Each structure stands twice: as C-alpha cells, then as structure tokens.
Amino acid sequence: MQPFQYIEPKSLDEAVALLAAQPGETQLIAGGSDLLSEIKEGVAAPRRLVSLAGIPGLRGIRETGGGLELGAMTTIAELAQHPAIRACYTALAQAAEELATPQIRNVGTLGGNLAQRPRCWYYRHPQTVCLKKGGDRCYALAGVSKYLCVTGGDRCYIVHPSDTAVALSVFDARVEIAGPRGTRTMPIGEFFIGPGQDLLRENGLEPGELVTRVLLPGQDEIPLGPPLQRGVGGISVPVRSLYLKARERETGDFALVSVAVAVALEGDTIRQARVCLGGVAPVPYRARPVEEYLRGQQVADVDAAHAGSLALPNPRPMADNGYKVPLTANLVTRAVGEVMSGG
Ligand SMILES: Cc1cc2nc3c(=O)[nH]c(=O)nc-3n(C[C@H](O)[C@H](O)[C@H](O)COP(=O)(O)OP(=O)(O)OC[C@H]3O[C@@H](n4cnc5c(N)ncnc54)[C@H](O)[C@@H]3O)c2cc1C
Ligand code: SF4
C-alpha cells in the first residue's frame with residue numbers, strides 16, 4: 001500500500017481547495033468502507049486523503065419547507081432509522097435497511113454511497129487494467145459477466161452498486177455539489193453517467209467537486225403533484241413507495257437486481273408513478289414503460305405481471321447474466337403488486 005497524507009479540513013472551502021489543488025492525487029474519504037478496500041487492494045493509490053468528518057453541517061437530516069435535506073455525511077443507519085424517511089420516503093428507508101451489514105451502515109455515508117466505485121471483479125483486481133482503469137479492453141466480455149449489466153453497456157458493462165441511488169430516483173431527489181466555482185444542484189437522474197458518456201467516471205462530479213447534500217422535494221416541488229399524503233412534520237410525498245432487492249446472500253450483499261416504486265394516488269387513481277431499477281444498468285435505470293402503464297390506472301385494474309413484463313424493453317444480456325431479465329420482471333411484478341395492495 002502506498003503511503004498517503006491524511007488531512008481533516010475544518011470547512012467546506014478548505015476541503016474544496018485541497019481537492020482542487022491536486023485532483024489527480026487527492027481523494028475524499030467519508031466513512032471509508034469502500035475507499036479503504038480499494039486502497040488496501042491496490043486499486044486506488046491516492047497520495048492525499050481529505051476527510052469530510054470534521055466539516056460542520058455535512059451530517060444530519062433537516063426538514064425544509066415540506067421536503068428533507070440529507071447531509072452527505074449522514075450515515076446509512078441514520079437514513080434507515082429516521083422517522084420522516086420511514087413514514088414518507090419509505091423506499092429510501094428500506095433501501096438503507098437492506099444495504100450491506102450493520103457495521104457498514106454505521107460508518108458508510110450517503111455521499112460515499114452515491115460516489116462509490118463499481119464492483120466489477122476485473123476493475124477490483126489490482127493487476128487488471130481494464131478500460132475503466134485506462135486500459136485497452138473489457139475483460140468481462142470474455143470472462144465472468146454474472147453480475148454485470150443487461151442494458152446500457154457501452155464498452156464497459158458495470159452496474160451502479162448504490163441502493164440509495166435507486167430509491168432516491170423515485171423521489172426526484174436533487175444532488176447538491178460544492179466545488180471551486182461555487183455550489184450547484186442537479187437532478188439525481190443527471191448525476192450518474194454511463195460509460196457511453198465517460199468510461200472512467202460514474203457521476204458528473206468535476207475535479208475539485210464533492211457532494212454536500214441530497215434534497216428530497218416536498219409538496220410544492222415534487223412533480224408527482226398534490227394532493228398527497230401529509231406525513232411527519234408536514235412533509236408531503238407519494239402515498240406509497242417500496243424498495244425490493246434480490247441478492248445471493250441474505251445480508252452484506254449487493255443487489256443482483258433491485259426495484260424502487262413510488263406512486264401518488266388521487267382516490268383510487270394513480271396520478272403519477274416512478275419506477276427505478278438497480279443492478280441492470282451502469283446507472284440507476286428508470287423503467288419508463290412501467291411508469292407510463294401505471295399512470296392514470298385505477299389501482300384495482302393494475303396487472304402487476306404486465307407491469308413486470310414492461311420493465312426492460314430491449315435487454316442485451318451478456319454470456320452469464322441472462323437470469324437478470326426474468327428476475328427483473330418478477331421483482332417488478334412483486335413490487336407493483338405490493339404497492340397496489342398497500343403493502
Ligand atoms: C461488504 C460490503 C458490502 C456492501 N454492500 C453494499 C450494498 O449492499 N449496497 C450499497 O449501496 N453499497 C454497499 N457497499 C458499498 C459502500 O461501502 C457503502 O455503500 C457506503 O455507503 C460507502 O460510504 P462511505 O462513506 O464508507 O464511502 P467512502 O469509502 O468513504 O467513499 C467511497 C467513494 O466515494 C467518494 N466520496 C465519499 N464521500 C463523498 C462526497 N461527499 N462527495 C463526493 N465523493 C465522495 C470517495 O472519494 C470514494 O471514492 C458495501 C461495501 C462492503 C465493503
Ligand atoms: S465491465 Fe467495465 S469495469 Fe468491468 S472489466 Fe469491463 S471495462 Fe472493466
């Protein structure tokens with residue numbers, strides 16, 4: 001392991017300045033549950049680690065005009081336990097609860113979860129320099145592709161590993177970013193980028209930038225539209241939401257496939273629907289044909305199996321991951337069925 005300098009800035013400005021000064025050699029560290037494995041395994045070799053632990057205001061969940069602000073240093077366990085998230089953004093609480101192990105949930109942060117690196121075995125192997133590490137080929141094409149994507153691949157076939165990203169996508173969350181040119185926010189759907197856009201990165205952070213908060217919209221902003229359930233502290237959100245995750249082991253495992261569903265109801269009519277898939281694409285994947293099918297339907301008329309069959313319009317499975325196509329259809333069928341029955 002290459003020696004590195006560890007710095008704990010006391011302000012956001014200081015952290016941004018440190019990051020921007022030597023972006024190629026400096027990396028942020030939050031809980032360290034992903035980055036430290038990369039360093040120990042020789043996949044990452046930063047000369048300088050900038051910790052976010054000493055910066056005030058980055059940790060915690062605050063209510064804001066009907067919505068919530070989630071600090072980037074908020075732990076996954078804190079997300080899972082927060083009463084307003086459990087009551088009003090249930091899919092997010094479930095995604096956090098299903099994530100990794102209790103130990104990792106206690107140290108792992110929201111910012112680190114969104115910015116974590118891919119789990120592809122070849123990327124994670126210290127001696128393998130594939131396209132994602134600046135090499136000249138994708139080793140998974142002729143190798144093991146069991147855990148890789150079935151849609152959206154382009155020279156590289158990773159899946160985005162974050163559970164919270166999938167759940168946040170159904171609430172139209174925005175990501176707040178600080179950097180050398182100030183602060184900006186972007187919709188979570190634009191934050192993640194696929195290999196077609198950039199082979200080396202999985203998100204739109206520019207050198208020197210970091211995630212400061214995730215903003216969950218309230219009644220006035222959320223395009224799902226009123227009237228919606230009034231929840232804890234006056235927060236208004238989709239009436240029903242749910243996160244389901246299929247994995248090989250019961251605990252401590254990434255999703256083979258996951259799905260988040262959120263619907264806003266007006267009486268028994270579905271006013272609006274959001275469905276997002278994890279484990280199938282290099283970015284959280286919005287299942288728009290399912291959303292279109294659900295919108296305007298009476299709850300009692302929804303054919304969950306039909307919704308499931310629409311989830312992946314043009315799958316392109318690799319040699320070992322064809323199982324993900326029926327698994328996705330089945331998981332979406334189950335999720336839609338449970339949401340319709342109020343479960
Ligand atoms: C055994 C195991 C199981 C796991 N299972 C799951 C799982 O089921 N689901 C899942 O989603 N994840 C899983 N993880 C991945 C990960 O450890 C956690 O998701 C955790 O939330 C990462 O947060 P962290 O604060 O520890 O990140 P760190 O390790 O500190 O950072 C991860 C990356 O994000 C960058 N980063 C950190 N904070 C910021 C920020 N604010 N802005 C910009 N960049 C930032 C770092 O530079 C680094 O590149 C698992 C990890 C392990 C080891
Ligand atoms: S899928 Fe991507 S990360 Fe994995 S070997 Fe291919 S190029 Fe590398």
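Along the sequence shown, residues carry numbers from 1. Being a predicted model, the structure only gives us computed values, none of them experimental. Counting starts at 1 for both ligands and their atoms, following the listed order.
Checked against a 3.5 angstrom limit, the closest N/O atoms of Leu210 and ligand 1 fall outside it. Below 3.5 Å of separation, one finds no N or O of Glu38 facing any N or O of ligand 1. Taking only nitrogen or oxygen atoms, main chain and side chain alike, Asp34 reaches within less than 3.5 Å of ligand 1. Here's the thing with Glu98: none of its N/O atoms is less than 3.5 angstrom from an N/O atom of ligand 1. The shortest N/O to N/O separation between Leu205 and ligand 1 does not fall below 3.5 Å.
When the options Ala115, Ala178, Ser51, Ala165 are ranked by their closest heavy atom to atom 45 (C) of ligand 1, first place goes to Ala115. Of the options Ile104, Leu28, Thr109, the smallest heavy-atom separation from atom 43 (C) of ligand 1 is shown by Leu28. Which of Asn113, Leu79, Leu52, Thr212 comes nearest to atom 19 (O) of ligand 1 through a heavy atom is settled by distance: it is Asn113.
Distances from ligand 1 to the non-hydrogen atoms of Lys245 include at least one value under 4.0 Å. Within the 4.0 Å heavy-atom cutoff, Asp253 counts among the residues contacting ligand 1. Under a 4.0 Å heavy-atom criterion, Ser37 is not in contact with ligand 1.
Listed by atom number, the atoms of ligand 1 under 4.0 Å from Gly108 heavy atoms are 20 (C), 21 (O), 23 (O), 24 (P), 25 (O), 26 (O). Taking every heavy atom of Gln27 and a limit of under 4.0 angstrom, the matching atoms of ligand 1 come to 47 (O), 49 (O). Near Ser162, the atoms of ligand 1 lying under 4.0 angstrom from a non-hydrogen atom of the residue are 11 (O). Residue Ala30 has at least one heavy-atom neighbour below 4.0 Å for each of these atoms of ligand 1: 25 (O), 30 (O), 37 (C), 38 (N). The contact set between ligand 1 and Gly31, taken as ligand atoms under 4.0 Å from a residue heavy atom, comprises 24 (P), 25 (O), 26 (O), 30 (O). Against a heavy-atom cut-off of under 4.0 Å, Ala72 is close to the following atoms of ligand 1: 41 (N). Interface of Ser33 with ligand 1, defined as ligand atoms under 4.0 Å from a residue heavy atom, comprises 16 (C), 17 (O), 18 (C), 20 (C), 22 (C), 23 (O), 24 (P), 26 (O), 29 (O), 53 (C). Numbered from 1 in the order shown, with element, the atoms of ligand 1 that lie under 4.0 Å from a heavy atom of Val211 read 40 (C), 41 (N), 42 (N), 43 (C).
A donor-acceptor contact closer than 3.5 angstrom links the side chains of Ser51 and Tyr6.
Nearest heavy-atom pair, Cys276 versus Ser169, reported as atom, atom and distance to 0.1 Å: SG-CB, 3.6 Å.
Leu168 places a side-chain heavy atom less than 4.5 Å from the side chain of Val214.
Under the 4.0 Å criterion applied to side-chain N and carboxylate O atoms, Glu98 and Arg247 are assigned as salt-bridge partners. For the pair Lys10 and Glu14, the salt-bridge criterion is not met [side-chain N within less than 4.0 Å of a carboxylate O].
Looking at Pro161 against ligand 1, only its backbone comes within 4.0 Å, counting heavy atoms.
Between Trp121 and Tyr147, the distance from one ring center to the other falls under 6.0 angstrom.
Near-neighbour remark for atom 2 (Fe) of ligand 2: protein N, O or S atoms under 2.8 Å are Cys156 SG; waters not counted.
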